[in-house]
Amino acid sequence: MNPDERPAIEGPSGGGARPSDGPESAAPERGAGAAGKVGEADDLEFEDFEDLHGEFADRSGAMGGRGRAPFVIFAPNGNINTGSVHGGQRVENGAGAAPGGAERVEAQDGPISVQEVLAARTGFAEPGCFPEAKRRLSSRLLFLAGEPGSGRRTTALNLLFDCSGKSVALRALDSDSDLSSWQPSQNGVRGYLVHGLSPAVRLGPAAIARLRQRLNDAEAHMVVMLPCDADRLRGLARDADISPVNYTPPLPRAVFDSRLEAVVLDEGRRQALLDRLEPDLDELLAPELMPAQVAELVDEVGRSGDDGPDLADLGQRLSFLAETEVPDLLKKLREDPDALAFLLVTSVLEGLDHRIVREETDRLLKLADGRLDLVLRANAEGDGEHGRSGRGEEPSPNPRFVFRRSLDELLETIRAECSPGEMRETSSYAYTVEPVHFKRHRQAETVLRYVWRQYGEVSGLLTEWIDNVPGNEPDLAEPMGRVVGLSTGWSGGRRALRHIHDLARSEHLQSRSTAAYALGIAAQDPILAGEVKFRLSRWSVNGGWRLRSTVADACGRDFGVSRPELALSLLRRCYRGEEEDEGAVARAVHSSLERLFTAGNQSAVFRQLMEWSVERGRDAELAHMAFPELLWEPSWFQRQLSPEGEFTDAVISCVRASLNDEKLFVRTSYRLLGWCRAAVWAEPLRAAVELLLTVLAQEMRPGELRLLVEIDRSDDPDLVGRDIAHRALEAWRHGEPQPYPTDPVSGGPDDRRH
């Protein structure tokens with residue numbers, strides 16, 4: 001059926017490629033020096049914009065994972081301890097974090113999750129400025145000046161929580177938001193957190209007064225976070241009569257005590273740990289420690305066994321010491337190309353298996369072609385530019401010697417260690433890894449930041465290495481993208497995003513996926529956030545399919561998850577159908593919609609699909625083709641398929657439409673059969689499945705009939721809904737009325753059969 005001919009009320013029906021559908025089929029094999037051609041608008045140079053996966057990851061990545069597939073223990077509504085347990089435990093039956101063990105992504109422009117607010121409250125130590133900041137915020141608007149990474153955001157969230165009457169209805173705004181014309185949300189938001197002020201935003205006293213009045217009318221509060229930039233703060237004080245509160249982190253000991261109380265709930269064990277640490281605790285808690293670094297220390301203490309932590313090991317892991325140690329480490333390794341390459345690769349790929357790290361080290365050494373060698377070859381007579389005359393040459397190491405350096409020797413040289421084997425899983429099989437980690441926390445980022453700034457040619461070498469990563473290593477896209485994204489802040493300048501643009505328009509899927517990760521990291525910088533959004537907006541409209549597939553992928557990564565409303569808008573513009581090369585864009589759009597859905601934006605994504613479904617053309621097609629992919633995660637649908645559900649009728653209508661679409665029936669029925677199997681062990685899901693099947697059985701079109709036949713013919717005798725399917729099919733075969741006197745959704749008379 002033509003998408004334009006579908007009844008709008010039917011709702012969306014969908015189907016993106018699952019892992020079994022394979023990767024982008026048209027993607028060419030890549031070689032070490034591949035530099036493919038680009039077409040359409042992708043052939044525009046970066047300067048032209050100045051004026052103006054298949055699945056990309058494993059199943060765990062599609063669910064918001066971080067490049068590693070977790071173990072899954074199927075035990076709905078159950079609580080499982082997989083290791084030793086100390087102290088108290090707590091269970092919360094509410095909206096949980098993103099599935100798949102995903103790390104939480106901080107909201108940058110959109111709703112702040114309840115989980116993030118509660119995490120900010122947990123173990124919070126009030127800084128000295130907290131009472132004054134709270135008093136200033138009583139006027140509805142507070143400007144808070146402090147260093148990024150110093151706990152400033154955590155303090156801001158606690159201020160908003162306290163001043164808004166303990167409300168968790170908070171929202172984040174990006175730094176490029178124009179506060180002079182901004183209007184508060186109409187959805188009951190009580191607090192707003194603004195990530196800095198873009199230099200392009202101009203605020204005067206009158207604009208500030210109007211902003212306060214709008215906040216007062218909405219009964220809301222706002223905290224604007226500012227960097228400790230003396231010139232910028234003086235300009236704001238002069239132009240807008242703004243007097244920010246200067247944020248200074250609380251003392252490390254205060255953070256330690258508050259955090260330890262939250263992490264180690266058992267008072268007896270907590271006191272025992274303190275007694276063991278006390279003689280050396282003041283030395284460990286150096287004054288320069290930031291709250292996040294103290295949290296690292298507390299987490300290490302909390303993970304220790306009954307005998308407590310090893311004090312020497314704790315000292316080895318304090319991240320702030322890396323700043324002073326890295327320059328000395330690099331000086332020590334200047335004449336050791338193997339160790340230099342291993343250090344750089346480990347800094348990028350920390351946490352991956354040692355075999356991958358070694359392979360990538362060899363690839364970097366080969367690509368460097370002598371750029372990591374202090375001396376290429378010593379020559380006794382000094383003949384030739386590099387001493388290659390062939391006469392009087394001194395012996396030099398053979399780079400092909402297979403016993404050149406052992407793993408243990410390299411690890412010791414760069415102060416790293418190889419963790420014990422861990423079991424990980426893909427969607428099809430399990431495997432063992434031995435991840436490499438630095439002994440010092442955050443040493444990887446410190447090394448990369450130092451060499452990026454101090455040695456200009458290293459950045460070019462690393463960028464070349466990243467751009468030529470083999471296409472069969474999807475696990476490398478995220479860590480490499482993180483480095484590329486961080487480097488935009490280390491580099492600065494008007495063209496900080498140029499190297500990301502080159503990756504984004506690459507013909508290689510791996511490079512585009514790396515760029516998608518990088519854009520999310522770069523957008524965490526308040527200065528770069530506006531430029532990242534500008535680029536993505538332009539690419540989504542004017543870019544060729546490669547750029548648009550990168551934009552679509554970025555919408556499902558950190559960039560989009562932290563800005564869900566903007567991400568949905570970009571995805572709509574990226575989609576141009578599924579023909580030829582546009583299929584790669586469509587797969588990225590479907591995958592990102594699913595990631596946004598499972599990351600906690602279920603209502604927003606579903607509501608958007610419903611709005612698109614009443615449009616004509618590609619919007620309706622996208623909505624219909626995307627819906628079945630959302631059925632992979634049944635928890636939200638479980639809540640909706642009840643008499644109290646907000647979208648009950650809409651969900652049922654969407655399921656009907658998908659079942660009766662020939663292209664979508666297989667995907668939709670497969671997911672619904674999965675619900676029936678899972679519901680055997682989950683009572684809430686059982687109720688939702690039985691309600692859905694009861695309603696579907698009341699209107700036996702071909703799609704509903706085929707689904708009920710599959711359920712009835714199942715070999716599983718315990719399959720939930722089998723009795724409903726059997727009764728409905730018997731009644732249909734005999735031409736009898738459906739035996740349902742009431743509407744299971746509303747509980748009232750069922751007149752939909754008449």
Side-chain angles (χ1 to χ4, degrees), residues 3 12-19 21-28 36-44 49 53-57 61-62 471 474 477 481 500-520 532-533 535-557 559-560 566-597 605 608-609 612 615 617-630 663-664 667:
S13 53
R18 297 305 320 152
D21 295 325
E24 180 183 343
S25 59
K37 300 177 181 179
V38 292
E40 303 177 19
D42 286 349
D43 58 4
L44 294 173
F49 287 94
H53 271 260
E55 292 285 306
F56 287 89
I500 298 182
H501 171 263
D502 292 339
L503 292 172
R505 66 202 290 264
S506 171
E507 67 178 12
H508 305 300
L509 175 61
Q510 184 84 353
S511 294
R512 300 199 301 272
S513 186
T514 299
Y517 281 109
L519 288 162
V532 171
K533 290 197 287 188
R535 299 293 173 201
L536 292 179
S537 179
R538 299 294 306 205
W539 296 347
S540 69
V541 175
N542 296 331
W545 69 268
R546 294 186 178 95
L547 282 175
R548 283 186 285 109
S549 71
T550 301
V551 175
D553 193 16
C555 289
R557 309 294 181 185
F559 175 85
L566 174 61
L568 288 169
S569 174
L570 291 173
L571 288 171
R572 180 183 189 178
R573 295 204 294 263
C574 286
Y575 185 78
R576 309 281 173 85
E578 303 196 3
E579 300 297 326
E580 299 180 348
D581 290 336
E582 293 298 334
V585 184
R587 288 191 290 271
V589 170
H590 295 156
S591 182
S592 289
L593 284 170
E594 182 187 351
R595 293 192 195 107
L596 289 172
F597 186 82
V605 172
Q608 189 68 77
L609 291 186
W612 292 344
E615 302 290 339
R618 288 178 182 148
D619 288 346
E621 178 183 319
L622 172 58
H624 285 276
M625 297 299 290
F627 174 73
E629 299 310 298
L630 307 186
K663 294 187 297 183
L664 306 176
R667 290 192 179 107

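Numbers for residues simply follow the sequence, beginning at 1.
With hydrogens and angles ignored, the 3.5 Å screen pairs no side-chain donor or acceptor of Ser537 with any backbone N or O of Lys533. Judged by distance alone, with hydrogens and angles left aside, the side-chain atoms of Ser592 form a donor-acceptor pair with the main-chain N or O of Ala588 at under 3.5 Å.
Between Leu622 and Leu593, some side-chain heavy-atom pair lies under the 4.5 Å cut-off. Between Phe627 and Leu664 the shortest side-chain heavy-atom distance does not fall below 4.5 Å. Residues Arg557 and Ser513 are in side-chain contact: their nearest non-hydrogen atoms beyond the backbone lie under 4.5 Å apart. Trp539 has its side chain within reach of His501: a pair of non-hydrogen atoms, C-beta onward, lies under 4.5 Å apart. Taking the side chain as every heavy atom from C-beta outward, Arg573 and Arg548 never approach each other to under 4.5 Å. Contact annotation: the side chain of Phe597 never approaches that of Leu609 to less than 4.5 Å [non-hydrogen atoms, C-beta and beyond]. For the pair Arg512/Leu547, no side-chain contact is recorded, criterion being any heavy-atom separation below 4.5 Å from C-beta on.
The two residues Tyr517 and Gly481 come nearest to each other via the heavy atoms CB-CA, 3.9 Å. Taking every heavy atom of both residues into account, Ala516 and Ala554 meet most closely at CB-N, 3.6 Å. Between Ala552 and Cys574 the shortest heavy-atom distance is N-SG, 4.1 Å.
Across Leu503, Thr550, Val551, a single residue satisfies side-chain contact (heavy atoms from CB on, under 4.5 Å) together with Leu519, and that is Thr550. For the pairing with Asp553, the salt bridge (charged side-chain N to carboxylate O under 4.0 Å, His left out) check across Arg587, Arg546, Arg595 returns one residue only, Arg595. Of the options Arg618, His590, Glu621, a side-chain hydrogen bond (donor to acceptor under 3.5 Å, both in side chains) to Tyr575 is made by Glu621 and by none of the others.
Using a cutoff of 4.0 Å between basic side-chain nitrogens and carboxylate oxygens, Arg576 and Asp581 are not scored as salt-bridged.
Once rounded to the nearest 0.5 Å, the distance linking OG of Ser569 with CG of Leu536 reads 11.5 Å. Leu566 CG to Cys555 SG: the interatomic distance, rounded to the nearest 0.5 Å, is 7.0 Å.
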